[in-house]
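Below: the structure, in structure tokens.
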Amino acid sequence: MHADPNQRDTSPSYDPVAHRVRAFGATVFAEFTALANATGAVNLGQGFPNFPAPDFVKEAAQAAIAADLNQYARSAGHPRLVNALAQVYSPLFGRTLDPMQEIVVTVGATEGIFATVQALVNPGDEVILIEPFYDSYPASVLMAGGTPVYVPLRGPVGSRSAAAWVLDIDELAAAITPRTKLILLNTPLNPLGKVYSRTELAAIATLVQAHNLTVLSDEVYEWMVYPPAEHVRIATLPGMWERTVTLGSAGKTFSVTGWKIGWAIAPPRLAHAVLMAHQWIPFAVSTPMQEAVAVALEQAEPRCYFAWLSALYQAKRDRLLGVLDDIGLTPMAPDGSYFIIVDTSKINVPVTGDSRRDVAVCRWLTGEIGVAAIPPSPFYSGPHQSLTDNMARFTFCKTDDMLEEAARRLQRVKIQR
Ligand code: PMP
Ligand code: GLN
């Protein structure tokens with residue numbers, strides 16, 4: 001997102017189509033995955049697992065296709081899936097969720113974000129985005145005619161731990177105006193790997209209630225939390241259930257990002273609002289894939305799948321942290337998600353044209369070293385993008401073989417200490 005697509009321009013050469021195309025720009029993920037494919041780089045950029053989904057998940061999809069579940073699903077979600085979601089999430093939310101009124105199945109969490117913002121934001125409303133934010137947040141806010149208001153997390157560059165990055169609650173309070181409607185929260189946080197503590201969430205919750213706001217809590221990495229960190233759902237804090245839309249994603253949970261199944265969990269008033277937007281976006285979500293995710297969720301707990309997934313990622317995290325540390329890139333240990341931010345300040349790469357330094361370094365890593373990483377500047381608003389000049393984001397949601405190959409190639413950047 002490079003500019004406000006809603007801006008008016010009265011000049012005779014104004015081309016409204018070109019204007020919006022320029023404003024929206026291309027996602028950083030499309031650019032870097034294309035570059036990785038073109039150069040044969042190991043793709044530790046875009047966050048998608050390159051290993052197979054579990055057999056029980058794939059078998060559920062095959063069975064759903066064989067069962068001829070081929071027609072439109074219920075707009076709010078295939079009954080078997082919303083029931084399975086209510087079963088899994090009721091204990092986690094500490095309440096009995098109503099599958100028919102408190103859950104909406106979406107086309108991945110991406111549509112959950114878009115539909116929630118469309119549902120709740122009127123033109124002119126302000127929406128607080130905490131930086132770094134997931135790159136679709138500003139696009140969703142601007143497409144609804146809302147105004148993003150940015151509040152950056154603050155932390156020491158070169159810090160060893162994502163937990164060192166914190167929200168200045170006074171800065172958040174100062175950003176709230178009578179026009180503020182919504183706060184977008186992401187925990188665990190892409191790209192930092194920060195997991196908000198209960199204390200931090202309680203401070204946010206106090207402000208939200210004092211100013212009569214709503215929270216969209218994007219929790220797609222909820223199962224990738226590494227002890228002793230603990231995933232706290234803001235919706236479970238006192239007074240917050242009524243004010244929160246919580247989003248999840250089967251793509252992350254079952255390593256099937258291409259299936260594009262997500263969900264929103266909220267009290268009936270908010271869930272209904274999300275549904276009213278959702279019915280005009282995709283209307284309904286793929287029926288056989290919803291059936292497959294339902295079966296996967298039904299089997300997940302008996303198979304201890306969630307614990308297995310978090311242990312798998314913890315081992316991969318530690319492996320990549322070791323590699324990055326060894327070559328001198330000072331990685332920031334994430335408490336959650338499958339991303340690691342490193343400090344690239346000791347890499348000497350010329351920055352040419354109007355490129356940002358983080359973009360230039362990541363292009364160099366991809367093209368010259370053969371390992372793709374994502375520059376984090378697209379996760380910041382223009383005025384704050386220089387905060388990421390010395391950062392690159394690597395993902396560890398890859399096979400051990402791929403991580404091994406990346407480690408071998410990254411030896412070439414080894415920094416002499
Ligand atoms: N939110 C965050 C923070 C993400 O990193 C992603 C990544 N893909 C999404 C939402 C989108 O999820 P989905 O693939 O389910 O649309
Ligand atoms: N969420 C993934 C990431 O941050 C990518 C999603 C996408 O490509 N849009 O890497």
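Only this structure's heavy atoms are used, side chains among them; waters, hydrogens and symmetry mates stay out. Atoms within each ligand, like the ligands themselves, are counted from 1 in listed order.
Taking every heavy atom of Asn186 and a limit of under 4.0 angstrom, the matching atoms of ligand 1 come to 3 (C). The Ser249 neighbourhood of ligand 1 comprises atoms 13 (P), 15 (O), with distances under 4.0 Å to a heavy atom of that residue. When each atom of ligand 1 is checked for a heavy atom of Asn190 under 4.0 Å away, the hits are 3 (C), 4 (C), 5 (O). Counting atoms of ligand 1 from 1 in the listed order, those under 4.0 Å from a heavy atom of Gly108 are 15 (O), 16 (O).
When heavy-atom distances to ligand 1 are checked against a 4.0 Å cut-off, Lys260 comes that close only through its side chain, counted from C-beta outward. At a 4.0 Å heavy-atom cut-off, ligand 1 touches Asp218 through the side chain alone.
A cation-pi contact, defined as under 6.0 Å to the ring centre and within 45° of the axis, is absent between Lys58 and Phe56. Seen from the ring of Phe339, Arg393 counts as a face-on cation partner, given the 6.0 Å and 45° thresholds.
For the 3.5 Å distance criterion, the side chains of Glu222 and His231 fail to qualify, holding no donor opposite an acceptor. Between Ser345 and Asp343, the side chains place a donor N or O and an acceptor N or O closer than 3.5 Å (distance only, hydrogens not considered). For the residue pair Trp263/Tyr89, the side-chain donor-acceptor check at 3.5 Å is satisfied. In summary, the side chains of Asn43 and Thr33 do present a donor paired with an acceptor at a separation below 3.5 Å, with no hydrogens or angles considered.
Under the 4.0 angstrom criterion for non-hydrogen atoms, Tyr221 is in contact with ligand 1. Within the 4.0 Å heavy-atom shell around ligand 1 one does not find Thr257.
The salt bridge (charged side-chain N to carboxylate O under 4.0 Å, His left out) check on Glu368 picks up nothing, with sequence neighbours excluded. Phe29 meets the ring-ring contact (aromatic ring centres under 6.0 Å, His included) test with no other residue; sequence neighbours excluded.
The main-chain N or O of Pro188 is found under 3.5 Å from a side-chain atom of Asn186 such that the two form a donor-acceptor pair.
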I'd like the atom pairs linking ligand 2 to the protein - N or O on both sides, separation under 3.5 Å - with distances to 0.1 Å.
residue, atom, partner, partner atom, Å
ligand 2, 1 (N), Tyr134, OH, 3.4
ligand 2, 4 (O), Asn190, ND2, 2.8
ligand 2, 4 (O), Arg393, NH1, 2.9
ligand 2, 8 (O), Gln46, NE2, 2.6
ligand 2, 9 (N), Tyr134, OH, 3.3
ligand 2, 10 (O), Gly47, N, 2.6
ligand 2, 10 (O), Arg393, NH2, 2.7

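The nearest protein atom to atom 16 (O) of ligand 1, hydrogens excluded, is given as Thr110 OG1, 2.6 Å; this is a heavy-atom distance. The nearest protein atom to atom 7 (C) of ligand 1, hydrogens excluded, is given as Lys252 NZ, 2.7 Å; this is a heavy-atom distance. Nearest to atom 6 (C) of ligand 1 among the protein's heavy atoms is Tyr134 CZ, 3.4 Å. Considering only non-hydrogen protein atoms, atom 12 (O) of ligand 1 sits nearest to Ala109 CB, 3.5 Å.
Screening residues 285-304 for side-chain hydrogen bond (donor to acceptor under 3.5 Å, both in side chains), with sequence neighbours left out, gives His78-Glu291, Arg80-Glu291, Arg80-Glu298, Gln299-Arg303.
Electrostatic pairing of Arg95 and Glu102 does not count as a salt bridge here, judged by no charged N lying under 4.0 Å from a carboxylate O.
The distance from the OG atom of Ser161 to the CE atom of Met332 is 8.5 Å, given to the nearest 0.5 Å.
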